[in-house]
Amino acid sequence: MNASDLIAFEDEMTALFEQGHIKAPLHLAGGNEENLIEIFKEIDKENDWVLASWRSHYHCLLKGVPAGDIRNSIINGHSISLCFPEYKVLSSGIVGGICPIGVGIAAGLKRQKQAGKVWIFCGDMTSLTGIFNESLRYSLGNDLPIEFVVEGNGLSVATDTQASWGCDYTGRPIARGYKYKLTKPHVGINKWVKF
Ligand SMILES: Cc1ncc(C[n+]2csc(CCOP(=O)(O)OP(=O)(O)O)c2C)c(N)n1
Ligand SMILES: [Mg+2]
């Protein structure tokens, strides 16, 4: 999957949404294609788990979930929490919801001496919540096979993260991260759709 493939998928979802085929929240990505492609080069498709947020279409595609399966799940209203456990992909629409789930999976992998690790992808605002920080500290303290990747678009919906929190984890050594300018609205396609 290259950047054009990812963008083409989001364009297709935009069209389906506009035509009223997706009767549920849709969080499109855009502007972070190359960042994710780089990070996914490090991910073991077979053994690693990828846990993402409400904006997870790209993550699913890059992990190897067939585009048709993702499309069907989105049409069925699950864009906000796409889960494909058979491909070791989980996501949640709850801010920080994936963090403790990822810690549990990582603890299980370590205890059972299984291959692979857990990748947690979450937004910059999520990285400032208690649940993220507890999960990160516990993982570091217990040397769990887990990586936290902060996806820094600088926004929490429409609130400037740095201006409201006075800090930002993106790129700090404690958690990895990348910065990008989201080219899409937080949710939806900036148009009213009549169902
Ligand atoms: C527990 C909880 N509180 C509030 C929300 C509403 N909410 C959805 S996305 C979001 C902002 C998240 O910002 P960030 O973590 O930076 O993610 P981004 O969408 O920018 O990638 C909020 C507050 C939610 N989904 N879950
Ligand atoms: Mg954000």
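The structure displayed is predicted, hence computed values, not measured ones. Just follow the structure's listing: the first ligand is 1, and inside any ligand the first atom is 1. Sequence positions, counted from 1, serve as the residue numbers for this chain.
No donor-acceptor contact under 3.5 angstrom links the side chains of Asn32 and Asn35, judged on distance only. One side chain, Asn153 or Tyr180, offers a donor N or O that lies under 3.5 Å from an acceptor on the other.
Of all protein N/O/S atoms, those under 2.8 Å from the Mg ion (ligand 2) are Asp124 OD1, Asn153 OD1, Leu155 O, and waters are not counted.
Partners of Lys113 by salt bridge (charged side-chain N to carboxylate O under 4.0 Å, His left out), not counting sequence neighbours: none found. Glu42 meets the side chain to side chain donor-acceptor pair (under 3.5 Å) test with Arg176; sequence neighbours excluded.
Closest non-hydrogen pair, His27 versus His57, comes out as O-CE1, 4.0 Å. Residues Gly116 and Pro145 approach most closely at O-CB, 4.0 Å, considering heavy atoms.
Among Lys41, Lys45, Met1, the single residue meeting the side-chain contact (heavy atoms from CB on, under 4.5 Å) criterion with Leu62 is Met1.
Using a 30° and 60° split on the angle between ring planes, Phe17 and Phe195 fall in the perpendicular class, above 60°.
Using a 4.0 Å heavy-atom criterion, the residues that approach ligand 1 are Trp54, Arg55, Gly93, Ile94, Val95, Gly123, Asp124, Met125, Thr126, Asn153, Leu155, Ser156, Val157, His186.
Between Phe121 and Tyr58, the gap from one ring centroid to the other reaches at least 6.0 Å.
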